[in-house]
Number of protein chains: 2
Amino acid sequence: MSVQSVDRALDVLEALAEHGGAASLSQIAARTGLPYGTIHRLLRALLDRGYVRQESDRRYALGSTLVRLGGAAERLVGTWARPYLEKLVALSGETANLAVMEGNFVVYIAQAASSRRLRMFAEVGRRVLPHSTAVGKVLLAARPDAAEVLARTGLPRRTPHTVVSAPEMLAELDLVRARGYAADLGEEEPGVHCLAVPVRDGDRVVAAMSVSGPAGRIDALDRAELALGMLAVADDFGAEVGPALRPGRPAPVP
Amino acid sequence: MSVQSVDRALDVLEALAEHGGAASLSQIAARTGLPYGTIHRLLRALLDRGYVRQESDRRYALGSTLVRLGGAAERLVGTWARPYLEKLVALSGETANLAVMEGNFVVYIAQAASSRRLRMFAEVGRRVLPHSTAVGKVLLAARPDAAEVLARTGLPRRTPHTVVSAPEMLAELDLVRARGYAADLGEEEPGVHCLAVPVRDGDRVVAAMSVSGPAGRIDALDRAELALGMLAVADDFGAEVGPALRPGRPAPVP
DNA sequence: AAGAGCTTTCCACGATACGGAAAAGTCCTT
DNA sequence: AAGGACTTTTCCGTATCGTGGAAAGCTCTT
């Protein structure tokens, strides 16, 4: 139920992105499994529009049109979210993020950085699996099909603390639902702890907001109290812009 | 020599961007001239991949995948350009930008900010008409079809200093070609002056670099001397990464 | 100089996207 | 509330448009 050539063109773009933004035709072929002729034709189409540029060594790289388009998309999402994320920064002193579910992945779509010297690096645009992050757990906890998602993605170990057993994760999701927030205690990145709460549009969870920082500083905070404050911010945000984040369809199966 | 459905899908994305990132199906139809059924099918394909989101009022908006891709593209272009832009900042003390021509527009694709308190705001991703900016004049001066571009875009007045007559602008472009750099003396934004130089790949101008800041500070500098320094930096940059900026096709006519 | 590897072009086939038109849904207006 | 106008979504037969294998053309090694 989609357009083959568009789908493949997007595959090509994403293959480029995963190669750090630049790759040769054969590298793209290896990654996408598409025939050379096809890739070349798609690249020409993207080239004509500035979505891709060709370097002097014939490799292909993501082009400047994407900078503009991505900027527009980011501004769109960012303008809505910024004031609320800044409230979270004020509340916690740590970097705040907004994330949504995209297929089986979690994508960070906006950020407000803490003003502290030691702080989380910008990760707007980053895609991670849900099982090893606080935002992921919140989003997963809201899905009736959480078990299937985990079955599809697996629970790869990211650090010694990552929860790698599906039943254990499902039990933790019950806990998340019960207390209304999720924690990540160095499960995605060693030494980095996070707290996340759901953003609701009515009774539906459409996104998650989190604060993250060095383990020591996060653990020094009263977790339940901070979560309470975060929930208030997230509820305000959800009431204002929730509908705009609502996904078009339930869950694309890979 | 391109793929119809990919081309149209990109038209749809760009139509969305031009509507401020969100638009209804019929608005997209009005802008692209494509039949409803076709647009709907393309939107579904983009929806499935997260390039577009559907809001609760059924309007379509640019999606979060674009944030990720745009970020990757920006990082890519930025990495190449940063060291050179920073040299310009060191040279002038002002914010430096890299811009390319995209169709009839000028797009800023990278920036290095001045460390001064009063400085230009980030404008990566911004699209402006060429006649009212220093980078625009440099890029226009390099095109044999400058007159046609001006005829297509017009020369809308942005400030009291904007040059709004095409013959006058063409005369100024001659001057730009002759002396090798262009100036914008408050023609795009009141009180903001810029100096721009071409980035060459061989004998071809593929981009422009500029420094911009408050009128007083820019005017205090020796313009010819600064331009000379900037040209040296731009030539180095062009020699290293010029080919990657080379546009794929001449100029899409709107 | 010649080869190996990668990129680009070509072309006949048929799968795929097209798009008009009808159905379904939504939102004003009376 | 109910009708009507508009917008969005679905449908389906047809012709077009994209497909991909294979050959030609480059470029950089051995």
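Proteins get letters first, then strands, A, B, ... in listed order; numbering begins at 1 in each.
Atom pair A:D7:CG and D:dC17:C1' shows a separation of 17 Å (rounding to whole Å applied). Spacing between atom CZ of A:R59 and atom P of C:dT8 amounts to 13 Å, rounded to whole angstrom units. Here the C1' atom of nucleotide C:dT7 and the CD atom of A:Q27 are 13 Å apart, to the nearest Å. Atom OH of A:Y60 and atom P of C:dT7 are 8 Å apart (whole Å). Whole-Å rounding puts the B:I39 CD1 to D:dT8 C1' distance at 11 Å. To the nearest angstrom, P of C:dT7 lies 15 Å from CG of A:L34. Separating the CD1 atom of A:I28 from the P atom of C:dC6 is a distance of 14 Å, rounded to the nearest angstrom. As rounded to whole Å, 11 Å separates atom P of D:dG18 from atom CG of B:L42.
Under 4.0 angstrom from either OP1 or OP2 of C:dG5 there lies no side-chain N or O belonging to A:S26. Under 4.0 angstrom from either OP1 or OP2 of D:dC6 there lies no side-chain N or O belonging to B:Y36. Note on B:R8: a side-chain N or O is less than 4.0 Å away from OP1 or OP2 of C:dG19. Side-chain nitrogen and oxygen atoms of A:S24 include none within less than 4.0 Å of the OP1 or OP2 phosphate oxygen of C:dC6. At C:dG20, none of the side-chain N or O atoms of B:R41 fall inside 4.0 Å of OP1 or OP2 (strictly under the cut-off). For B:Q4, a side-chain nitrogen or oxygen approaches OP1 or OP2 of C:dC18 to under 4.0 Å. At C:dT9, one or more side-chain N or O atoms of A:R44 fall inside 4.0 Å of OP1 or OP2 (strictly under the cut-off).
Once rounded to the nearest 0.5 Å, the distance linking CG of A:L155 with CG of A:L150 reads 5.0 Å.
For B:R31, the CZ atom sits in a packed shell: over 12 heavy atoms of surrounding residues, nucleotides or ligands are nearer than 6.0 Å.
Ion pairing between A:R49 and B:E14 holds under the 4.0 Å rule for side-chain N and carboxylate O. Checked for salt-bridge contact, A:D174 and A:R179 miss the test: no charged N lies under 4.0 Å from a carboxylate O.
A:T38 comes within 4.0 angstrom of a base, heavy atoms only.
In this structure a side-chain-to-backbone donor-acceptor pair under 3.5 Å is missing from B:R200 to B:V205.
Distances from the side chain of A:S5 to the nucleotides D:dT9, D:dT10, D:dT19 place D:dT19 closest. The side chain of B:L25 lies closest to D:dT9, out of D:dG20, C:dC6, D:dT9. Of the candidates C:dT8, C:dA17, D:dT19, the closest approach to any side-chain atom of A:H40 belongs to C:dT8.
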